[in-house]
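Note that the coordinates shown come from a computational prediction; the quantities given were computed from them, not determined experimentally.
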Amino acid sequence: MWFWLALIALLCWSGSDLFSKIGCQGEDDHLAHLKMVIAVGTVMGLHAAYEIFVGGTEISFSIILTYLPVSLLYIGSMTLGYMGLRYIELSVSSPICNSSGALVALMTLIFLGGEDYSPLAIGAIILVCVGAIGLGVVDATEDPALRAARQEQGNRKYAKSFLALALPVAYCLLDAAGTFADNRVLETLNEASANCAYELTFLAAAVLSFIYVVIIRKDRLVPRMEAPKFLGAICETAGQFAYIYAIADTEHLAMSAPIISAYCAASVLWSRLFLKEKLSWKHYLMIALVVIGIVIMGVFDL
């Protein structure tokens, strides 16, 4: 079951990447990342209300506090990721951000050991990690002429800067810390309760962002401009629901985390199809490594 949950998270989060990029790429909207937080927090808050009042999920202030460090790591990383989308292509940002799964897998094998994994399983983990990290490396070291050609097709120009790369890297580090801590905390918390705690914390972040954007900065939320953000928020919430159950399976964390992180491969494809960002053969090679690794993991467990 963990394998299918991980794939659902992969597909939903790649969709979230696409719609979030569309919603946050406006050059004149310097508060787009906070508006994205408002959208995600609103949708997650509605889902939490459904789970609590209809699904009967247990929630308390104690549970929210227990899960709070993990929630803050995730929300912080996502906010930085949304901010970074203004400065860099999705096909560059997503692979760098989602190298976090590779870090989680390595941390799991280093600190918890890999005695229960066969050479085939470890090889699959390595393939996915190499593919995810390789996508980031390929994009970061891309030939300037190829980069210019890709940006011309996408009708966007991005200046190469420290901030453009620093924001996705910061996302990667915070998200990896959150994922590793998440698995440890979920040993003491029910998955549904932990997910509701996270969603309610995100709702609180949305309320604070709304106060700052609308009341303090007196900015407007235009429905036409916010629609892609809410589509991204729906995908994000669905992906989060599948993700938290996937990584709760401690025995398969070193396999599920790289699969989920590999949603950057789908994001790169969506960026090529819908945002017209051009890919090179190196991109496709790294994507192939990720896909092969995922297939081996699924067959190995089934």
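- Among all heavy-atom pairs drawn from Gln240 and Asn195, the shortest one is CG-OD1, 3.3 Å.
- Nearest approach of Ala197 to Ile59, heavy atoms of both residues: N-CD1, 3.7 Å.
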Task: Test log, rule side chain to side chain contact (heavy atoms under 4.5 Å, CB included), inputs Leu11 and Tyr263 - done: CA-CA 7 Å; Leu11 292 173; Tyr263 75 80; over 6 Å; no

Open item on the list: Would Glu58 and Ile63 count as a side chain to side chain contact (heavy atoms under 4.5 Å, CB included) here? Give the steps.
Closed with: CA-CA 9 Å; Glu58 178 188 0; Ile63 292 174; 4.3 Å; yes

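- Ring planes of Tyr74 and Tyr198: perpendicular class, angle over 60° (limits at 30 and 60°).
- Nearest heavy-atom pair across Lys21 and Leu275 is CG-CD1, 3.6 Å.
- Minimum heavy-atom separation, Leu289 to Gly131: CB-CA, 4.2 Å.
- Linking ILVMFWY side-chain heavy atoms closer than 4.5 Å, directly or via other members, places Val290 and Trp2 in a single hydrophobic cluster.
- Checking side-chain atoms of Thr79 against main-chain N and O of Ile75 turns up a donor-acceptor pair under 3.5 Å.
- Without hydrogens or angle criteria, Lys229 side chain to Gly23 main chain gives a donor-acceptor distance under 3.5 Å.
- Annotation: side chain of Leu73 is not in contact with side chain of Asp175 (no heavy-atom distance under 4.5 Å).
- Side-chain contact between Phe274 and Ile22 is absent, with no heavy-atom pair separated by less than 4.5 Å.
- Under the side-chain contact (heavy atoms from CB on, under 4.5 Å) criterion, Leu65 pairs with Phe61, Leu68, not counting sequence neighbours.
- Side-chain contact check for Tyr67 versus Leu189: some heavy-atom pair is nearer than 4.5 Å.
- Using a 4.0 Å cut-off between a side-chain N of Lys or Arg and a carboxylate O of Asp or Glu, Asp29 and Arg86 do not qualify as a salt bridge.
- Side-chain atoms of Ser271 come within 3.5 Å of backbone atoms of Val268 as a donor-acceptor pair (strictly under, hydrogens ignored).
- Taking all atoms of both residues into account, the shortest heavy-atom contact from Met286 to Val130 is SD-O, 4.1 Å.
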Open item on the list: Would Ser267 and Leu18 count as a side chain to side chain contact (heavy atoms under 4.5 Å, CB included) here? Give the steps.
Closed with: CA-CA 7 Å; Ser267 297; Leu18 174 63; over 6 Å; no

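- Considering every non-hydrogen atom in both Gly293 and Ala124, the closest pair reads O-CB, 3.7 Å.
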